[in-house]
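To start, the structure under review is shown below, and the notes come after it.
Because the structure is a prediction, the values reported are computed rather than measured. Quick note on labels: first sequence line is chain A, next is B, and so on, each numbered from 1.
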2 protein chains.
Amino acid sequence: MAQSSKPNSKKERRQESEKLILSAAEKVFAEAGFGGATMQLIADVAGLPKANLHYYFPTKESLYRQVVQNIFQIWLQAADVFDAADGPEEGIGAYIDAKMEISRRHPAGSKVWASEVMHRAPVIQDYLETTLAEWTEGRIAVIERWIEEGRMDPIDPRHLLYMLWATTQHYADFGHQIDTLNGGAPLNDAQWNAAKASVKRIILRGIGAQT
Amino acid sequence: MAQSSKPNSKKERRQESEKLILSAAEKVFAEAGFGGATMQLIADVAGLPKANLHYYFPTKESLYRQVVQNIFQIWLQAADVFDAADGPEEGIGAYIDAKMEISRRHPAGSKVWASEVMHRAPVIQDYLETTLAEWTEGRIAVIERWIEEGRMDPIDPRHLLYMLWATTQHYADFGHQIDTLNGGAPLNDAQWNAAKASVKRIILRGIGAQT
DNA sequence: GTGGTTCCTGACCGTATGGTCAAGTTCAGG
DNA sequence: CCTGAACTTGACCATACGGTCAGGAACCAC
């Protein structure tokens, strides 16, 4: 048997506990919002006593902040495809694919982010002003270069980015509405592919990056 | 002086009080979410004692429900332009204009709706299943007719509608993020017009309804 | 072993919240 | 006027919440 069921060193256990709590917190924050979420419910979902949460995360807000930061990191990584690309069709197409995939696999995280921004970003305002602003400027420069090179129509890069964010995240944030309009069932693989294809087609044609 | 400052009959006063409370509630629910909003804060914003709110709206949930229903009505009205139109360029263009205008004038309402849907629509699920589902089917039929008539490309109507909703509502729901990326200032008239134009241009070209 | 550190948790606390209520005030109709 | 209904509100209540803490359990280094 060796060490199959309890293979954990103390540090490993700590990381696992933190992940367990963060995962439960993401779900609960997404479904109830920061104000509606309770530490007790997060503890129940995680299968831990409430006092234990406060050992790892001293306050509700510190736990929430960690959840939001994790999501932000995931999004930043997804944006790498943007730079690696050769032109708008490939770059923006890959970015849409990546963000749609995140919406499918991390819907709770997307909702937490949306909720945070909707409530005027009380805990990650500094991220918006620094990291996100810098990232946005960089992407705007790339898009402007593409435009100068005649590889897409002269579109206002900011509004293009907003449209990309809005459309892709909509499938996570408003997933419940989409599921309801889908007869109550989540989108299946084919429907997700159709969604990706529709979004890419409309946007890429709309900006003149695809014939 | 006649009856300038206190021209109100009892029924008029009732309606005014309800509107005052609903307006304050919309703001507070939008900024704090259902769980984070407090009746006390709503009362303070409305300038009324808390007990008075409970006279007009017996519970927090009944007040919230009324707020959500009001927003839904506004959106349904905006959709009239869709049917009145002759073709996709006019109909979808006008719909985008109307929804962008709502995002600008009723950002709080849009946020409340978004929050409600993100939290799995606990109080308006029946609306999604009935009114919204029927409205959506009707609009899908219109779009399919346009496609059959060759007035736009064969786009999946559902994903087109989702994109319209996502993009227009993004300017309300994520307005804080947009403002931050705009140097901390709200979009001015010219910027709003640029936003409308960008959205319309990309989508209308993207679906082949504009050359 | 054993000493010390980390981890775990039931019981507890102060506070804030949604909601109630009874006593008043205002007002329309007769 | 007068009366009854509609309206207003300060004080109050039960509950639920975030957070604390002390005492114990588990674990690691020596």
Worksheet item: Does the C/dG19 base have a donor-acceptor partner in the side chain of B/K50 within less than 3.5 Å?
Response: yes
Practice prompt. Check whether any side-chain N or O of A/Y55 sits under 4.0 Å from OP1 or OP2 of C/dC8, and answer yes or no.
Written response: no
Worksheet item: Which residue, A/I178, A/D179, A/T180, forms the side-chain contact (heavy atoms from CB on, under 4.5 Å) with A/H176?
Response: A/T180
Discussion item. On the nucleotide C/dC7, are OP1 or OP2 found under 4.0 Å from the side-chain N or O atoms that A/R14 carries?
Written reply: yes
Item to complete: Could you go through the salt bridge (Lys or Arg N to Asp or Glu O under 4.0 Å) check for B/K196 and B/E101 one step at a time?
Response: CA-CA 9 Å; B/K196 278 190 201 175; B/E101 209 56 37; 2.8 Å; yes
Worksheet item: With under 30° as parallel and over 60° as perpendicular, where do the rings of A/Y95 and A/F82 fit, or are they tilted in between?
Response: perpendicular
Worksheet entry | Euclidean distance, atom CD of residue A/E16 to atom P of C/dC7 [Å, nearest integer] | 14 Å
Worksheet item: Please give, in whole Å, the distance from D/dA6 C1' to B/N52 CG?
Response: 12 Å
Discussion item. What is the distance, to the nearest angstrom, from the CZ atom on B/R13 to the C1' atom on D/dA5?
Written reply: 16 Å
Discussion item. So B/A43, base contact, sugar-phosphate only, or nothing? Heavy-atom distance under 4.0 Å.
Written reply: nothing
Worksheet item: Under 3.5 Å, side chain of A/R139 to main-chain N/O of A/W135, donor-acceptor pair present?
Response: yes
Practice prompt. Take atom CD of B/Q40 and atom P of D/dT9, then tell me their distance rounded to the nearest Å.
Written response: 13 Å
Fill in: Spacing between B/K60 atom NZ and D/dT15 atom P, to the nearest angstrom
19 Å
Discussion item. Between A/Y56 and C/dC7, is there a contact of a side-chain N or O with OP1 or OP2 at under 4.0 Å?
Written reply: no
Item to complete: Give one of base, sugar-phosphate or nothing for A/F57, where a contact means two heavy atoms less than 4.0 Å apart.
Response: nothing
Item to complete: Can you tell me the distance, in whole Å, between the CD1 atom of B/I42 and the P atom of C/dT17?
Response: 11 Å
